[in-house]
Chemist: 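One structure, as structure tokens, below. Some questions next.
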Amino acid sequence: MTIDFTEELRWRGMLHDMMPGTDEQLRKEMTSGYIGFDPTASSLHIGNLATIMLLVHFQRAGHKPYALIGGATGMIGDPSFKAAERTFLDEETLRFNQEGIRKQLEQFLDFDCGANSAEMVNNYDWFKDIGFLQFLRDAGKFLSVNYMMSKDSVKKRLETGISFTEFSYQLLQGYDFYHLYKNKNVRLQMGGSDQWGNITTGTEIIRRKEGDEEGYFKAYALTTPLLTKSDGSKFGKSEGGNIWLDATKTSPYEFYQFWLNQSDEDLPRYLRVFSFKNKQEIEALESSHAEAPHLRIMQKALAEELTSRIHSERAFQLVLKATEVLFGKATLETLQSIAADEFETVFNGVPQTEITLQEWNDCTNITDLVSTVTYSEIYASKGEARRAIQQNAVSVNKVKVTSAEQPLTDFSLLQERFLLISKGKKNHLIKLKM
RNA sequence: GGGGGUGUACCAGAGUGGCCAAAUGGGGCAGACUGUAAAUCUGCUGGUGUAUGCCUACGGUGGUUCGAAUCCAUCCGCCCCCA
């Protein structure tokens, strides 16, 4: 009656590759598996969310998930498919990031459900006591440089340059797997398809150190496809960069908007990866979407599910309200009818700039207001602002600005302290400090 | 250590003394069309509001010249080949 892990991944399109024997192992018994997350930032982003879902499904299928935080590997930097060497993060930042990521991972997995309770480990805990010589003898001796160089993930870098440090990364990750295999009986490492090379380095170390007498691997690998966008650009980025799970880095409003704006073509895939909805539910959404594409039923369903899951139901409700006002049929009158404190809550996540009353009073025209007076946060320069206005791109409180020289006396503040600027269809709020 | 190459705007990449704020492509931002989608078409994409102006910019510094992204010196970074 429990769900079959690989079956589940297959119909969701989340299975990219796995080692021979993986399926058999998973069907045979409750298996421990892990995924690693390096603390390169203080928050995870939606690119990580796909692999987190892998762990979640893993646990739902009755297996035991380990979330590994790369406190040690994060100090080195994974070169996989990266075009250039990266700069180190300082240790303070790493420890700070590590803590943020740990907290986020905690909310996705169940750490108290009996035998298959999730566990969290940090590879810094075992690497901090291993000396260089010991590591060379324990891990390095088992793999040839030739083997390590043959990985696709480092091929490009072998042409353009890679430091010994980054080149060693796969050895560290491989050793992690070995360590968990030895101490926690972890048999499977999962990850995005870009991690295949690093993961198989791990299975190789285990095989060579532990022997392979029965002719099948004792440690397994499974990867999920990296998400792509139908137009070929990178998934998970917006104008502002990454879409983070942390509400202070990407507000629930921006988070919701991100999903709402994904193209029709990509949604069936995203629903399967990110939603908990089952096959029938997803297919039903697809057919209702096909009947009335302009309603964007799939986008709304996914945006709703993820916003309430990652943030909260209340956050979602507020975001929905903000969206209705900003993109709906709202007029100047609607905006004026919203009370000040409600305005504050509802538009909380909408990008905004605070200026002083003095700055507002001193400002003579709209061009200055949306450029220098708002610290170039809306438009980078006066020239850019002027151009945009000439191109009919700017409105204030839902009314188009017609001239770059328009004086501010033409616009009235909402609730005596807000001004809603729209550059194109995107919104920005100006708030007076009181 | 020897030899060669290369460094140009967000990225790729042209430009090899004035016509260069720098071709072209991508990206980005808008407009039209729409559904806050995709595709397509159009405009913009160094600053300063209009000045054949001025300032800042072709890895750093210094020089040659009336004039330098372009020539010279030197330093720095990166890549390739030989040892």
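Letters A, B, ... are given to chains in the order of the sequence lines, protein chains preceding strands, and every chain is numbered from 1.
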Chemist: What does A:Thr323 touch in the nucleic acid at a heavy-atom separation under 4.0 angstrom: a base, only the sugar-phosphate, or nothing?
Modeler: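 Base, at least one base atom sits under 4.0 Å.
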
Chemist: Does the structure show a Watson-Crick or G-U wobble partner for B:C71, both distances under 3.5 Å? Name it, or say none.
Modeler: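 Its partner is B:G63.
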
Chemist: Nearest whole angstrom, please: distance from the C1' of B:U34 to the CD of A:Gln299.
Modeler: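 Taking atom C1' of B:U34 as the reference, CD of A:Gln299 is at 14 Å.
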
Chemist: Roughly how many Å is it from CD in A:Glu384 to C1' in B:A9, rounded to a whole number?
Modeler: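 Distance, rounded to whole Å: 15 Å.
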
Chemist: Heavy-atom distance under 4.5 Å between the side chains of A:Leu172 and A:Phe135, does that happen here?
Modeler: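 A side-chain contact under 4.5 Å exists here.
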
Chemist: According to the Watson-Crick and G-U wobble definitions, with both distances under 3.5 Å, which nucleotide is paired to B:G1?
Modeler: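 Partner of B:G1: B:C82.
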
Chemist: With rounding to whole Å, what would you report as the distance between B:C58 and B:U8 at their P atoms?
Modeler: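 Each nucleotide's P atom is 11 Å from the other's.
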
Chemist: Which value, in whole Å, describes the distance between the P atoms of nucleotides B:G59 and B:C54?
Modeler: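 To the nearest whole Å, 24 Å.
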
Chemist: Take atom P in B:U50 and the same atom in B:A39, then report the distance between them in whole Å.
Modeler: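 Looking at atom P only, B:U50 and B:A39 are 40 Å apart.
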
Chemist: Rounded to the nearest angstrom, tell me the gap between atom CE in A:Met298 and atom C1' in B:A37.
Modeler: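 Spelled out: CE on A:Met298 to C1' on B:A37 is 10 Å.
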
Chemist: Given that both distances must come in under 3.5 Å, which nucleotide forms a Watson-Crick or G-U wobble pair with B:G35?
Modeler: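 With both distances under 3.5 Å required, B:G35 matches none.
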
Chemist: Can you tell me how far C1' of B:C29 sits from CG of A:Asn392, to the nearest Å?
Modeler: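 Those two atoms, CG and C1', are 15 Å apart.
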
Chemist: Is A:Glu106 paired with A:Lys103 through a side-chain N to carboxylate O contact shorter than 4.0 Å?
Modeler: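 A:Glu106 and A:Lys103: not salt-bridged.
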
Chemist: What integer distance in Å separates A:Asp368:CG from B:G47:P?
Modeler: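 Interatomic distance, CG of A:Asp368 to P of B:G47: 15 Å.
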
Chemist: Tell which nucleotide pairs with B:C29, taking only Watson-Crick or G-U wobble pairs whose two distances are both under 3.5 angstrom.
Modeler: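 By the stated definition (distances under 3.5 Å), B:G43 pairs with B:C29.
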
Chemist: Cation-pi between A:Arg95 and A:Tyr124: NZ/CZ under 6.0 Å from ring centre and within 45° of the ring axis?
Modeler: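 Checked: cation-pi criterion met.
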
Chemist: Regarding B:U34, can its base be found pairing with the side chain of A:Lys425 as donor and acceptor, where the two atoms are less than 3.5 Å apart?
Modeler: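 Such a pair exists between side chain and base.
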
Chemist: Taking only the side-chain heavy atoms of A:Ser263 (C-beta and beyond), determine which of B:A38, B:G35, B:A30 contains the nearest atom.
Modeler: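 The answer is B:A38, which lies nearest to the side chain.
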
Chemist: With heavy atoms under 4.0 Å as the rule, sort A:Asp264 into base, sugar-phosphate or nothing.
Modeler: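 Contact class for A:Asp264: base.
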
Chemist: Main chain of A:Gly202, side chain of A:Gln173: is a donor-acceptor contact present, judged purely on distance under 3.5 Å?
Modeler: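 No: the side chain of A:Gln173 does not pair with the backbone of A:Gly202.
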
Chemist: Could you check whether A:Arg417 makes a cation-pi contact with A:Phe343, meaning its NZ or CZ is under 6.0 Å from the centre of the six-membered ring and within 45° of the ring axis?
Modeler: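 So A:Arg417 doesn't make the cation-pi contact.
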
Chemist: Roughly how many Å apart are B:G62 and B:G27, using the P atom of each and rounding to a whole number?
Modeler: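 My reading of the P atoms in B:G27 and B:G62 gives 39 Å.
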
Chemist: Taking protein heavy atoms under 4.0 Å as touching, what does nucleotides 39-45 of chain B look like 5' to 3' if B marks base contact, S marks sugar-phosphate-only contact and - marks none?
Modeler: S---BSS

Chemist: Sort out the partner of B:U6 for me: Watson-Crick or G-U wobble, both distances under 3.5 Å, none otherwise.
Modeler: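 When the pairing criteria are applied, B:G77 turns out to be the nucleotide that pairs with B:U6.
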
Chemist: Could you walk me through whether A:Leu188 and A:Leu26 pass the side-chain contact (heavy atoms from CB on, under 4.5 Å) check?
Modeler: CA-CA 9 Å; A:Leu188 173 67; A:Leu26 291 171; 4.2 Å; yes

Chemist: Any salt bridge between A:Arg10 and A:Glu7, counting N to O under 4.0 Å?
Modeler: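 Here A:Arg10 pairs with A:Glu7 in a salt bridge, since their nearest N and O are under 4.0 Å apart.
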
Chemist: What integer distance in Å separates A:Gln390:CD from B:U50:P?
Modeler: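 Result: 13 Å.
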
Chemist: For the pair made of NZ in A:Lys382 and C1' in B:U48, what is the distance, rounded to whole Å?
Modeler: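 Spelled out: NZ on A:Lys382 to C1' on B:U48 is 8 Å.
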
Chemist: Check each of A:Asn242, A:Ile52, A:Leu245 against A:Ile46 using the side chain to side chain contact (heavy atoms under 4.5 Å, CB included) test, and report the only one that passes.
Modeler: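 When side chain to side chain contact (heavy atoms under 4.5 Å, CB included) is applied between A:Ile46 and each of A:Asn242, A:Ile52, A:Leu245, only A:Leu245 qualifies.
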
Chemist: Given that both distances must come in under 3.5 Å, which nucleotide forms a Watson-Crick or G-U wobble pair with B:A57?
Modeler: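 Pairing partner, where one exists within any strand: none, as none qualifies.
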
Chemist: From CD of A:Glu304 over to P of B:U36, roughly how many Å is that when rounded to an integer?
Modeler: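 Whole-Å distance recorded here is 19 Å.
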
